[in-house]
Amino acid sequence: MNEIEKKVFSGIRISEEDAILLYEKAELGFLGILANFIKNKKHNKDVFYNKNIHIEPTNICIYNCKFCSYQRKINQNGSWEFSHNEILKKISKEIKKGITEVHIVGGVHPSRDLFYYGELLQKIKNNFPKIHIKAFTAVELDFMIKKSNLSIEEGLKKLKNFGLDSIPGGGAEIFNENIRNKICKEKIDSKRWLEIHKIAHQIGIPSNATMLYGHIESYKDRIEHMNKLRILQDETNGFNVFIPLKYKKENNFLSKIGEVNIIEDLKNYAISRIFLDNFPHIKAYWVMMGKQTTQLSLSFGVDDIDGTIEDSTKIYSMAGQKEKAVMTENELINLIKNTKQKAVERDSLYKKINCKN
Ligand code: V47
Ligand code: SF4
């Protein structure tokens with residue numbers, strides 16, 4: 001532990017073995033000190049948040065991920081498909097509140113290709129030219145681009161021209177192929193996920209990265225996952241943020257596993273911050289973690305909270321999250337200020353918009 005501590009305080013990268021040791025042996029308080037040392041070195045007392053909504057155009061999906069509580073088949077009870085106009089209306093309702101970003105993620109619909117979604121992006125940009133569009137996981141992109149008979153590079157370039165500004169981090173789950181086969185075997189493999197993000201970075205589309213944890217993966221699998229991200233980030237520097245996503249257990253095929261406790265959540269945030277030295281930001285997605293854990297995470301390396309949301313997502317409520325997915329800007333600011341840190345509104349590329357002391 002002494003060696004790891006020395007490395008962290010002198011800005012030396014820790015190894016995969018070090019990280020596994022931290023998961024297995026380190027006390028939580030010790031992890032908090034190391035992680036917050038790095039967080040403060042990168043951002044001082046700033047904690048970022050943004051004003052955004054999430055749009056889930058459809059929950060109809062050709063895949064059957066075991067952890068997913070949200071997907072439905074065509075005409076199945078509980079399925080939805082929003083038209084372009086319905087989506088524009090949702091954005092229009094929230095734009096007055098000053099949102100700067102729409103985050104669009106949904107199921108992989110069998111009949112929607114790149115041009116269907118390209119038209120949506122164009123309509124959004126035509127109506128709301130200033131809004132940043134962060135849209136489509138690598139899994140959705142893979143399907144819609146293949147359906148349109150294009151290469152990934154051609155497809156991403158087209159989407160960029162239609163208005164795509166950045167790519168969210170979903171669909172990464174856990175990169176270990178054995179685990180992937182057990183929990184989401186129909187989905188693109190880890191190589192493909194990384195390839196899509198790499199090409200995006202090369203053509204100037206930044207992206208985020210996630211990790212779904214707390215199901216059947218081991219600590220070693222988590223580190224292997226983060227290591228693949230760290231290697232790609234060394235190459236492209238195209239990732240903005242890493243977002244650990246905690247597995248939620250209601251209404252899906254993995255329910256009997258249960259959920260990990262708050263100690264695991266905080267430990268995981270801290271080790272992500274320590275291991276991913278080349279990622280500028282670590283984000284707590286409060287809708288999934290809950291408001292209290294999110295607030296605590298700000299002492300375990302997290303520097304970013306997503307977002308005001310405006311009750312616009314169903315992925316987590318359908319998986320058992322009880323808190324309503326809505327947080328006013330004031331509530332967000334107070335949540336940050338109560339930890340004696342500074343609330344900073346950011347845009348989607350982490351440019352500071354407003355500092356609230
Ligand atoms: O890929 C699905 C996860 C992801 C469950 O990039 C579940 O800023 C836990 O990626 N328990 C989609 N997780 C959401 C996502 C995301 C969210 C917020 C911000 C960003 C960003 C990206 O949701 C999926 C999957 O990993 N998920 N079901 C579940 N039961
Ligand atoms: Fe479909 Fe995504 Fe759910 Fe998997 S996690 S079944 S790809 S909606």
Side-chain angles (χ1 to χ4, degrees), residues 48-50 52-73 76 78-80 101-110 132-144 165-175 179-180 183-188 193 197 200 206-215 217 225 239-255 257-260 265 279 281-290 294 304-307 309 312-321 325 346 348-350:
F48 300 92
Y49 70 91
N50 67 340
N52 62 350
I53 54 165
H54 285 221
I55 291 186
E56 291 154 5
T58 181
N59 64 342
I60 290 171
C61 188
I62 54 170
Y63 299 134
N64 301 282
C65 302
K66 292 268 195 317
F67 52 80
C68 182
S69 316
Y70 149 98
Q71 68 92 357
R72 297 288 185 274
K73 302 303 171 199
Q76 193 184 339
S79 65
W80 70 78
E101 172 188 278
V102 280
H103 166 121
I104 307 176
V105 167
V108 179
H109 192 290
H132 177 106
I133 307 180
K134 166 157 62 84
F136 313 128
T137 65
V139 178
E140 295 165 81
L141 289 167
D142 173 74
F143 181 83
M144 70 173 83
D165 294 304
S166 67
I167 296 177
E173 320 314 355
I174 201 87
F175 289 149
I179 306 286
R180 230 177 154 74
I183 64 169
C184 53
K185 68 169 187 277
E186 304 142 310
K187 235 176 195 164
I188 55 169
W193 190 98
H197 282 255
S207 72
N208 297 345
T210 58
M211 174 176 77
L212 182 69
Y213 73 94
H215 43 91
E217 88 292 357
H225 183 97
F239 288 115
N240 281 328
V241 61
F242 179 67
I243 312 145
L245 295 172
K246 174 197 181 113
Y247 164 67
K248 302 291 290 179
K249 71 176 169 59
E250 301 296 328
N251 309 316
N252 58 60
F253 290 106
L254 297 180
S255 288
I257 293 170
E259 289 174 17
V260 294
D265 297 329
F279 271 64
H281 302 281
I282 304 290
K283 182 196 278 190
Y285 184 45
W286 70 264
V287 176
M288 181 251 320
M289 296 311 288
T294 295
D304 184 29
I305 303 180
D306 184 351
I309 314 282
S312 56
T313 172
K314 283 212 161 67
I315 301 181
Y316 291 96
S317 55
M318 288 168 88
Q321 180 54 280
R346 63 162 176 88
S348 302
L349 301 175
Y350 291 84

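Order of appearance sets the numbers: ligands from 1, and atoms from 1 within every ligand. These numbers were taken from a predicted model, which means no experiment stands behind them.
Classification of E101 and K134 as a salt-bridged pair holds, one side-chain N sitting under 4.0 Å from a carboxylate O.
Judged by distance alone, with hydrogens and angles left aside, the side-chain atoms of N64 form no donor-acceptor pair with the main-chain N or O of E186 at under 3.5 Å.
The proximity of V287 to ligand 1, defined as any non-hydrogen pair under 4.0 Å, does not occur for either the backbone or the side chain. Only side-chain heavy atoms of H103 come within less than 4.0 Å of ligand 1; its backbone N, CA, C and O stay farther off.
Within the listing of ligand 1, atoms 7 (C), 9 (C), 13 (N) sit less than 4.0 angstrom from a heavy atom of L212. Listed by number with element, the atoms of ligand 1 under 4.0 Å from a non-hydrogen atom of E173 are 1 (O), 24 (C), 25 (C), 26 (O). Listed by atom number, the atoms of ligand 1 under 4.0 Å from N208 heavy atoms are 6 (O), 8 (O), 21 (C). Each of the following atoms of ligand 1 lies closer than 4.0 Å to a heavy atom of I243: 6 (O), 8 (O), 20 (C), 21 (C). Against a heavy-atom cut-off of under 4.0 Å, G170 is close to the following atoms of ligand 1: 1 (O), 10 (O). The contact set between ligand 1 and D306, taken as ligand atoms under 4.0 Å from a residue heavy atom, comprises 8 (O), 19 (C). Listed by number with element, the atoms of ligand 1 under 4.0 Å from a non-hydrogen atom of Y285 are 17 (C), 18 (C). For ligand 1, the atoms lying closer than 4.0 Å to a non-hydrogen atom of P168 are 6 (O).
A heavy-atom separation below 4.0 Å is found between K134 and ligand 1. Put simply, no part of E250 is less than 4.0 Å from ligand 1, judged by heavy atoms.
Note: H54 and H103 have parallel aromatic rings, judged against thresholds of 30 and 60 degrees for the angle between ring planes. Ring geometry for F242 versus F279: interplanar angle over 60°, hence perpendicular rather than tilted (30 to 60°).
Nearest non-hydrogen protein atom to atom 4 (Fe) of ligand 2 is C65 SG, 2.3 Å. Here the heavy atom of the protein found nearest to atom 2 (Fe) of ligand 2 is K187 NZ, 4.2 Å. Counting only heavy atoms of the protein, atom 3 (Fe) of ligand 2 lies nearest to C68 SG, 2.4 Å.
To the nearest 0.5 angstrom, R180 atom CZ is 6.5 Å from I188 atom CD1. Distance check, rounded to the nearest 0.5 Å: NZ of K283 to CZ of F48 gives 13.0 Å. The CG atom of L212 sits 5.5 Å away from atom CZ of F67, with the distance rounded to the nearest 0.5 Å. Once rounded to the nearest 0.5 Å, the distance linking NE2 of H215 with CD1 of I174 reads 5.0 Å. To the nearest 0.5 angstrom, I53 atom CD1 is 8.5 Å from I104 atom CD1.
Checked by distance only, ligand 1 and C68 stay at 3.5 Å or farther apart across all their nitrogen or oxygen atoms. Residue contacts with ligand 1: G169 is placed with a nitrogen or oxygen under 3.5 Å of a nitrogen or oxygen of the ligand (distance criterion only). Taking distance alone, with nitrogen or oxygen atoms compared against 3.5 Å, T210 stays at or beyond that limit from ligand 1.
The neighbour count for K185 NZ, taken as heavy atoms of other residues, nucleotides or ligands under 6.0 Å away, does not exceed 12.
The closest side-chain donor-acceptor pair between Y213 and D265 falls under 3.5 angstrom. Between the side chains of H197 and S207, a donor-acceptor pair is found at a separation under 3.5 Å.
Not a single N, O or S atom of C61, from either the backbone or the side chain, sits less than 2.8 Å from atom 3 (Fe) of ligand 2.
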